[in-house]
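The structure appears right after this line, and notes come after that.
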Amino acid sequence: MENIYLAIVLAPLFGAIVAGLFGRQIGRVGAHTVTILGVAVSFLLSLWVFKAHVFDGAEVYNATVYTWMVSDGIRFEVGFLVDNLTAMMMLVVTFVSLMVHIYTIGYMQDDPGYQRFFAYISLFTFSMLMLVMANNFMQLFFGWEAVGLVSYLLIGFWYKRPTAIYANMKAFIVNRVGDFGFILGIGALLFYAGSLDYWEVFAEAEGMSQATISIIPGTEWSLLTVACILLFIGAMGKSAQVPLHVWLPDSMEGPTPISALIHAATMVTAGIFMVARMSPLFELSTAALSFVLVIGALTAFFMGLIGIVQNDIKRVVAYSTLSQLGYMTVALGASAYAAGVFHLMTHAFFKALLFLAAGSVIIAMHHEQDMRRMGGLRKYMPITYITALIGSLALIGFPGFAGFFSKDGIIEAVSLSTTPGATFAYVLVLAGVFVTAFYSFRMFFLVFHGEERFRNVEHHAHHDAHHADDHGDDHGDDHGHGHHGPVEPKESPWVVTVPLILLAIPSVLAGYVVGPMLFGDFFGDAIFVAEANDVLARLGEGYTGVMGFIVHGMMMPPFWLAMAGLASAWYIYMRKPSIAAAAKARFEWLYKVLDRKYGFDEFNAFVFAGGSVGLGRALWRFGDRLFIDGLLVNGSARAVGFISRYARFSQTGYLYHYAFAMIIGLLVLITVFAF
Amino acid sequence: MTFEIPDFMPVIPELFVLGMACAILVIDLFVPQARRDITYGLSQFTLIGAAVLTIALASPETRFTFNDTFIADGLSDLLKVAVYLITAVVFLYSRPYLQDRDIYKGEYYVLGLFGVLGMMIMISSYSFLTLYLGLELLSLSLYAMVAFNRDSARASEAAMKYFILGAIASGMLLYGMSILYGITGSLDIKEVSDYLITSSAGLNVPLVFALSFVIVGLAFKLGAVPFHMWVPDVYHGAPTSVTLFIGTAPKLAGLAIIMRLLVDGLGPLHHDWQGMLTILAVLSLAVGNVVAIAQTNIKRMLAYSTISHVGFILMGILAGTHEGYAAALFYTLVYAIVAAGGFGMIILLSRRGFEAENLDDFRGLNERSPWFAFIMLLIMFSMAGVPPTVGFYAKLAVLQAVVQVDMIWLAIFAVIFSIVGAFYYLRAVKIMYFDKPEDESPLPKALDMNVVLSINGLLVIVLGIFPGLLMSLATGAISW
């Protein structure tokens, strides 16, 4: 087995190295062939591993592959822990990655950085696999940072565009805040358990929940709670939870395929995966769970609201991703880890689908992203239309589609949860269902139905609006799609539509494994839930099968809220567009608040960025220039130079001076030690 | 006292070197100048043969012979092999230098071999007599080698200074030994040690005198402040090939006699010589590093750098623990390798009628030869103690040993002066990489020299990545 796991991890790395270092030699076709082959190998082997673990009941694999170093009894290793949770993640990651690889051939065909792009996404696949297959915190951290690095590189892929550079810096810096917490959390665990191995740390969990730590003198906090919250801060950065979510919408500056792969399906769910993996720790700390729950609920609802006022097609999907990540986090907080991971999986399929569909629309519109200049695309792009419809229905949780099962599972679990804050979270996630349906179908109707607004846009008007628009969506010019004016949309090539179709299939079907996933023992020992918190088990008592679940779901409020959202979107944007304008005028202040995204960016820019710059400048002026540079560095250098210049004169060259120095030395030794 | 026939097995390498040196001396008389390579080849053969013999005869147990005045143990085996190898490299580097200056004579190699023999005796000495015998054999060879280029006024001056000061130091060492003989009634290191253990008299004035004189003698040979004055003048004045020799192998022998005399013989007085060595170490670190900054001549700069390295070696010894001795041994071995490379670079850049002695001669070396600029960079980094070069681990080992015996202030002091020292090493690197070359002439192409110098430089980084190889040898050789 070890060789198979190694092959799964290393195949994409090999592809990345070949495409990255020898891209010029092997050319475009060579680059995409080698990387797609690498990922395809990973995918097929992952499929086999999934079968071996899930269907043939292979033993949980936990072994070290390579010992990097041993320092002070702490082993730094590369190792794999493969159980059902890992196998599922591997399958999701390699499948979505493969789809995105294929799709990229069509999306990036005119881009000068073609080979570089393939090298990056293959490198990403490698890093993500390292992350999910880790059996220790060191490797987890490596994967965590490596995916962050590739994300940074890809957001700034079009590095000549200032907005992209701004966005990737932002993503990098915000993630630094999260990672700071993350590594402190790992440090806290290491401090107590003296090991980086998952299982060894989990074995100490009981003791850790008793231990206390005094961070501010005079206060005693549970070590486990502190460690869990710190780890979760890492997850907040990576999985874009309030208030560390600010980087994700801006990350849409990157090419659409990576928005699908990294910023929707896989990397951003690393935080969710990590918390699920750490369930033996989180379960023992109610305070940490409560924190997770509240943060997740806030993200789920308030980020969804922002999605309503966005006009950039990719940003709508981005805010929807934020909101869905919030749902997953809520599930974790309610101890329904299985539901969270289940939603992670279904979301990976339908959100990758939605992003790729959005990308397909963007290609057809010649890199126009403003929905106000789309409309009526249904008859031009039938495949994109159908697949986007499937994705949207899955997203809003329409019965029978994948999202329905996972999201319903989460909402039901929260309603049963007794973790502090559960009631608050329940209200928010319920309201979130309406919001989700509303913005999803607002986007859907604006893009695919209604009048063909792209025909009304005059060349000049288009161009002016282009600059006036504050969402920075002038993506076209780098691609040779630069001709403006009326466009004639047409369906995208097969490399784009085939991945859409292949992703649409699991977006419908992935939900039907709800029984074993949520209520069976699919995850086995991978996820640990304390007896008292086990909401899914209580939920499972009433589970009678998939059909029963659907029928039951149709009688519950989430379904009706979703329908209400869908209907109001239809009524407002298809029937009476005047309502939207009137509401915007009536609730000017609310619109402003949402359009400004609650002012997080302004606050961060002013307080944190401004504060850091101010602090830095003050330290530079007084600490660096005056004290360190002036006094310490230059001062001591000058002193040494001064002494040196004079000390060399003691070397006179006269023999008797030398002999004299020796005699003096001897006398000093004798006198000092004899008396 | 019956006269027994001594066991000749442990001294076979010494006998071999002695025999070969005498033979080469005679053969050289009949070799025409054009065939001088014969002498060179025989000298290298002698060193290789001695290395083979030493390794073949090496055994883990300690062997004594000549009425217990001669010892062969792990330390002696390791140090002797190191001396052969370093000397072989020195001979190799020296050849083009000597040829270019028309002093490619057999005497250089014969004197070198006698020096090696002296070092071997020092390394294996277990009595004051043998120790002094070896020391003088080495010193006399070195005096003659410094004056080897007899037409050079500077070399003659340096040789004269070296000889006179060396005589004073030898006299002091001898005086210290005679006081010890007076107190203990023996010249045998083992018996001196036993006497000091049994007579719990502690430190009295005669002993302090003896100790002080002995330490002055040893400090002079190593070049510790304030007995260092000869070092810059001799390094500067001697032909570079001789500087190369003085700067490398004799340090290993110097460490050996410190181990035999101070650690083995005067071990019971550790507390007292620890204090004396501390003074010497502190002064060496400070003077060596600070004064090196003001030097513009790279040979003088390396001389002061040597002084500061001696400070580090003394720190390892004064810790007085197994780790400390092992660290000092490791440091000395590393120093010999790095110094050989450093002086080798100077020889490489020199040519007929031109001595690349000044720092300015290294200007823009990167443009003339990126590869050797890189080798020099490795050597400079290693001297400065920048990881991952081996110099870092050498310094680390010594500092660890000192910290273990709670002399943290000394460790901090050493680190601060290492930082001061980093300045002039990095300045050399800066000059090589960022300045424009003043001298555009291509580097000479001697294949053997280029290859060995490259290996020498790369060894610095290979040992830095795998310090365990050398460290385990050093730890294994130290039995205290």
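Reminder, nothing fancy here: chain letters follow the sequence lines and each chain counts from 1.
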Sort [X] into side chain, backbone, both or neither according to what part of it lies under 4.5 angstrom from a heavy atom of chain A.
X	result
Phe423(B)	neither
Ala219(B)	neither
Val290(B)	both
Ile293(B)	both
Leu165(B)	both
Ile215(B)	side chain

Exceeds 12 heavy-atom contacts within 6.0 angstrom, atom CZ of Phe141(A)
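Counting other residues, nucleotides and ligands, CZ of Phe141(A) exceeds 12 neighbours.
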Trp68(A), CH2: over 12 other non-hydrogen atoms inside 6.0 angstrom
no
Checking side-chain contact (heavy atoms from CB on, under 4.5 Å) between Phe673(A) and each of Val205(B), Ile279(B), Leu207(B), which is the one that passes?
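Exactly one candidate clears the test, Ile279(B).
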Considering non-hydrogen atoms only, spot the tightest contact between [X] and [Y] and give its length.
X	Y	answer
Gly665(A)	Pro226(B)	CA-CG, 3.8 Å
Tyr658(A)	Trp230(B)	CD2-N, 4.5 Å
Gly653(A)	Glu157(B)	O-OE2, 4.4 Å
Met662(A)	Phe227(B)	O-CE2, 3.2 Å

If I take atom CG from residue Leu280(B) and atom CG from residue Leu669(A), how far apart are they, to the nearest 0.5 angstrom?
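Here the interatomic distance stands at 6.0 Å.
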If you round to the nearest 0.5 Å, how far is CG of Leu655(A) from CG of Asp233(B)?
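Between Asp233(B) CG and Leu655(A) CG, I get 9.5 Å after rounding to 0.5 Å.
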